[in-house]
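Written out below as structure tokens is the structure these notes cover.
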Amino acid sequence: REPDKKLPVIDIDIEESRIIIADSLWTISPSAIKVDTTAISIRQFVLQSRQQAFTINGKISENQQDHLSMQFQNIDLGSLDLYLRKPAQIKGMVNGSVGIFDFYRNRLFYSNVDIKGLEFRSEVVGDVSVVNKWDRETSLIDSELKIVKNNRTPLSGRGYFNPFNKNMMFIVYADHMSLGLLGTVI
């Protein structure tokens with residue numbers, strides 16, 4: 001318990017560790033987690049195996065400026081079969097980041113994620129890019145989606161989401177897009 005707090009605080013220090021998940025050796029880097037009554041802070045939690053890495057860093061609290069982010073580096077979606085012990089029906093390599101801020105009020109998120117060589121249910125989708133950014137001037141989340149396959153853009157979209165009134169407006173362009181895949185997404 002901290003002197004100025006009535007409720008306990010949990011501090012977790014993680015030492016470098018190695019674990020085996022589905023026959024793969026993963027390393028956890030030294031990191032720290034602190035849980036308070038209204039805040040969770042994670043400092044440089046990194047889970048890594050060979051070229052793949054997943055990192056969590058930041059803080060969720062009542063302070064609207066605090067944010068928690070997750071980074072993905074060369075995460076192989078095809079290996080989900082091993083971890084789930086059943087066919088995941090998805091392949092591709094994920095790189096990028098996602099994050100959340102203003103958790104206790106509006107739960108605003110941002111992302112910049114690329115999936116190289118996405119395949120879903122044995123259908124080649126292509127290279128996917130998803131970007132969501134908070135626009136402070138308009139108080140909207142600007143979003144952009146783009147799929148590139150064989151040097152073409154079969155699907156792209158751009159728009160915004162208003163987290164306060166839950167309205168959204170998107171313009172989507174489709175060109176030689178598989179209706180089977182579009183039906184799965186919708």
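Predicted model only: the values in this text are computed from it and were never measured.
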In this structure, are over 12 heavy atoms from other groups packed under 6.0 Å from D175 atom CG? yes
Residue of the set T55, N57, I14 for which side-chain contact (heavy atoms from CB on, under 4.5 Å) holds with F45: I14
Results of ring-ring contact (aromatic ring centres under 6.0 Å, His included) for F109 - residues two or more places apart only: none
Let me see the working for R121 and E119 under salt bridge (charged side-chain N to carboxylate O under 4.0 Å, His left out), right down to the final yes or no. CA-CA 7 Å; R121 295 186 176 168; E119 291 183 34; over 6 Å; no
For the atom pair CG (L155) and CD1 (I147), what is the distance rounded to the nearest 0.5 Å? 4.5 Å
Could you check whether the rings of W134 and F101 sit parallel, tilted or perpendicular, using 30° and 60° as the cut-offs? perpendicular
Let me confirm one number: the OG-CG distance from S31 to L47, rounded to the nearest 0.5 Å. 10.0 Å
Mark yes or no for whether S17, through its side chain, and E15, through its backbone, hold a donor-acceptor pair below 3.5 Å. yes
CZ of R18 to CD1 of I28, rounded to nearest 0.5 Å, is 11.0 Å
If you look only at distance, which donor and acceptor atoms sit under 3.5 Å apart when one is on a side chain in residues 159-172 and the other is two or more places apart or in another chain?
from	atom 1	to	atom 2	distance (Å)
N162	OD1	F164	N	2.8
N162	OD1	N165	N	3.3
N165	OD1	N167	N	2.9
N165	OD1	N167	ND2	3.4
K166	NZ	P163	O	2.8

The reported gap from NE2 in H67 to NZ in K59 (rounded to nearest 0.5 angstrom) is 12.5 Å
Test K34 against I12 for side chain to side chain contact (heavy atoms under 4.5 Å, CB included), laying out the working first. CA-CA 6 Å; K34 183 174 185 173; I12 302 169; over 6 Å; no
Under the 3.5 angstrom rule, does the side chain of D36 hit a backbone N or O of T38 as a donor-acceptor pair? no
State whether the side chain of D135 and the backbone N or O of T138 hold a donor-acceptor pair below 3.5 Å, judged by distance alone. yes
Give the intermediate values and the outcome of side chain to side chain donor-acceptor pair (under 3.5 Å) for residues S143 and N132. CA-CA 4 Å; S143 300; N132 294 287; 2.4 Å; yes
What's the separation between atom CD in Q52 and atom CG in N95, rounded to the nearest 0.5 Å? 10.0 Å
Is the backbone N or O of S97 less than 3.5 Å from a side-chain atom of N112, with the two atoms forming a donor-acceptor pair by type? no
Distance (rounded to the nearest 0.5 Å) between Q89 CD and L77 CG: 13.5 Å
Other residues, nucleotides and ligands only: do more than 12 of their heavy atoms fall within 6.0 Å of CZ on R105? yes
Side-chain (K149) to main-chain (V124) donor-acceptor, under 3.5 angstrom: yes
Decide whether S129 and D114 meet the rule of one side-chain donor and one side-chain acceptor closer than 3.5 Å. yes
Is it true that K133 and D142 make a salt bridge, defined as a side-chain N closer than 4.0 Å to a carboxylate O? no
